[in-house]
S.K.: 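Here it is, the structure in full.
When a ligand or atom number is given, it counts from 1 through the structure's own listing order.
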Amino acid sequence: MNSDAARVRKSVRVTGTVQGVGFRPFVYSLAARLGLAGFVGNDSEGVFAEIEGSPAAVAEFLVAVERDAPPLARVGQVVSTSMRPNGSAGFTIAPSAPGAQRTALVSADSAMCADCLAELRDPADRRYRYPFINCTNCGPRFTIVADVPYDRPNTTMAPFAMCKRCAAEYHDPANRRFHAQPVCCPACGPRLSLRSAGGSPRAAGEPLAAAAALLRDGQVLAVKGLGGYHLAVDARSEAAAAALRARKHREDKPFAVMAAGLAAARELGEVDETAAALLTSPRRPIVLLPRLPGAVAAAVAPGNRTLGVMLPYTPLHQLLLEAVGGPIVLTSGNISDEPIAYRDEDAFERLAAIADAFLTHDRAIHIRTDDSVVRVWGGGEVVIRRSRGYVPEPVTTAHRFPRPVLACGAELKNTFCLASADRAFVSHHIGDLENAATLRSFTEGIEHFGRLFGIEPQVVAYDLHPEYLSTKYALDLGLDSCGVQHHHAHIASCLADNGHDGPVIGVAFDGTGYGTDGTLWGGEFLVADLAGFERAGHLEPVPMPGGAAAIRQPWRMAAAYLRAAFPGGPPPGLDVVKRNERNWAAITSMAERRVNAPLSSSAGRLFDAVAALLSVRDTINYEGQAAVELEQLADPGETGSYRVAISDGPSFRIQGASLVQTAAGELTEGAPAPVIAARFHNGIAALIEEGCVLAAERHGLDTVALSGGVFQNLLVTGRAVARLEARGFRVLLHSRVPCNDGGISLGQAVVAGARDRAG
Ligand SMILES: [Zn+2]
Ligand SMILES: [Zn+2]
């Protein structure tokens, strides 16, 4: 044995997502393998350890602690300081200590791991077919944590006292369940129950088998998941899917489907390598796949070329899917646009008129979290809704926030963001902030995040729209406030997503956002960096006859655009005019006289106008529907394009009406609608290119950031990127946060941070 003089001792601090992910047992076994003495523990800042041994072993430890970290860990930093060796022997795990600071990161919920799945299927295992099986490497996290540090008493597992066998596993450093806070078994853990529509327990029968039988019988089942209640029906039953639509008051918006496994998913949609990796990842998002015909009932996703598919992420889902023997619709448990139900009593009440029965259990959900939605683009992942499985993992920012920031987001698809140091915690999907229920989840969510991550904001960022509930909330806080224009926030969000500082040419195309001039913007070319922007150009504003009514009724936008395109009256024979003959003159004159017809440069409204012109849809049932269906209609093989006129000025104006003029002309000449739809899309890509070239000439920039809900349209995005890259531009797109308003809060936060840095 070497003399003690050769020994070194170091105090080690590991930050990042290192709690609830098996980090302490990992450190314990690493230290044991290297023959190190000392201890490891959790506190509110992360994991701390002291290690003592030979210099080589200590050095190896400091490398391996990051390199070999457990699968769910996200190591931020490893900081070590030298100490005087004290000759201690053995390695121990210290109990958690409550601390003053709370910067340790709670991890996201994670799908059942392969080891747990194997136990679930093993008749000899004591957790055989137990719907709440989990371990250090998988299971519920964010949705069950009420406070930090992440320890069982601070989770919704607190009421379940571990049985002897579970406790033995929990305390055994060699066990996969060592310090797994939600560890449980049939003897001591949560239990499943099947309840009737009123919430009272149903008599007799094994709940899972009975629930599966109900689904096979075409009934609507409410299922308690990780982040809330879902509504489920047999995805192959036309009648069941139609009944669910009718009861949920959801006319057209597509439902997501859960398939038992990858093979089953391949029967529903085209699954490439990237999609397969996303479907089976521990995050388990809904992945939008090119749909295979006839695999599910038409009513599941009417008129849609894509289908949202996910795989089971809890053992309960796994058992249910296997028992049903086919794909099931799994859509959020709510009526229309209310937030998803997650508390049992609330679910029993609100979903009573929709569900025929409830498959539920007695482990509470602490925070409501919707499923995440992603799609594959260019061989990578594009996040459309960032929620379960992703949240609360922070987005690391290139610059530190001088003071903690709360960014309150936008009105639709709201998220908020709490940021401090170099981390931005973008919240789970809150929803549309239009009613008391969503506003409550917004305010409660902000408090919860503040507590979990120990962030007390000193600066609040908000959208300029004076009527947004998020704006009103922000201004009521009495903190230093920072108003951020909606489209600047979009571009800043894209910059943060890419770790870019700007300046760039930012193309922000969406439905609507409040402009600095008090009009509604949405077809914007900005020259922007994180701190500020200049409006380089935009779509020519067009009146929205009836204001918000024009958003719900795209034919009104057709009327407004046709008036702009054909001042002497539209060409005869247009179906959109015939269908709306009774109100056409009144709406046109409303646009002309600018009475209750606010001006908007929105790109979304231009898509609406063309959708109505091509008889895709005169009125919508969900946000963005007309544009989504117009994209579906377009012939992807068509390469022809419409040209736009551009009016010059300090801020150039692109005449969207010229696209409508050409489209209407071709329509009356008998061109097929799919060809016109494609040429319109190509025309949008072309005008993006032209706008960027103009902006580049004036401002000398060669990088373009694309953001805003319009870029969820892959046809436009694909064609625009191809054109821009052919022109030599570098193009920044979103990947980690949505390009839609779900990404706005991150953009607001980094703008506030940049302005704070500038003083
Ligand atoms: Zn596991
Ligand atoms: Zn147990």
S.K.: Is it true that F449 and F425 have ring centroids separated by less than 6.0 Å?
M.R.: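 Ring centroids of F449 and F425 are no less than 6.0 Å from each other.
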
S.K.: With a cut-off of 2.8 Å, how many protein N, O or S atoms neighbour the Zn ion (ligand 2)?
M.R.: 4

S.K.: Report, rounded to 10°, the angle at the Zn ion (ligand 1) between the two atoms SG (C116) and SG (C135).
M.R.: 110°

S.K.: Any side-chain donor paired with an acceptor under 3.5 Å for R368 and S441?
M.R.: yes

S.K.: For S193 and T360, which I'm curious about, is there any donor-acceptor pair between the side chains at under 3.5 Å?
M.R.: no

S.K.: Please check if atom OH in Y28 has more than 12 non-hydrogen atoms from other residues, nucleotides or ligands closer than 6.0 Å.
M.R.: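 No, not enclosed.
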
S.K.: Can you say whether the rings of F416 and H428 are parallel (under 30°), tilted (30 to 60°) or perpendicular (over 60°)?
M.R.: perpendicular

S.K.: With sequence neighbours excluded, what pairs up with H179 under the ring-ring contact (aromatic ring centres under 6.0 Å, His included) test?
M.R.: Y170

S.K.: Other residues, nucleotides and ligands only: do more than 12 of their heavy atoms fall within 6.0 Å of CZ on R165?
M.R.: no

S.K.: To the nearest 10 degrees, calculate the angle at the Zn ion (ligand 1) involving SG of C113 and SG of C138.
M.R.: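 Approximately 110° at the metal, rounded to tens of degrees.
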
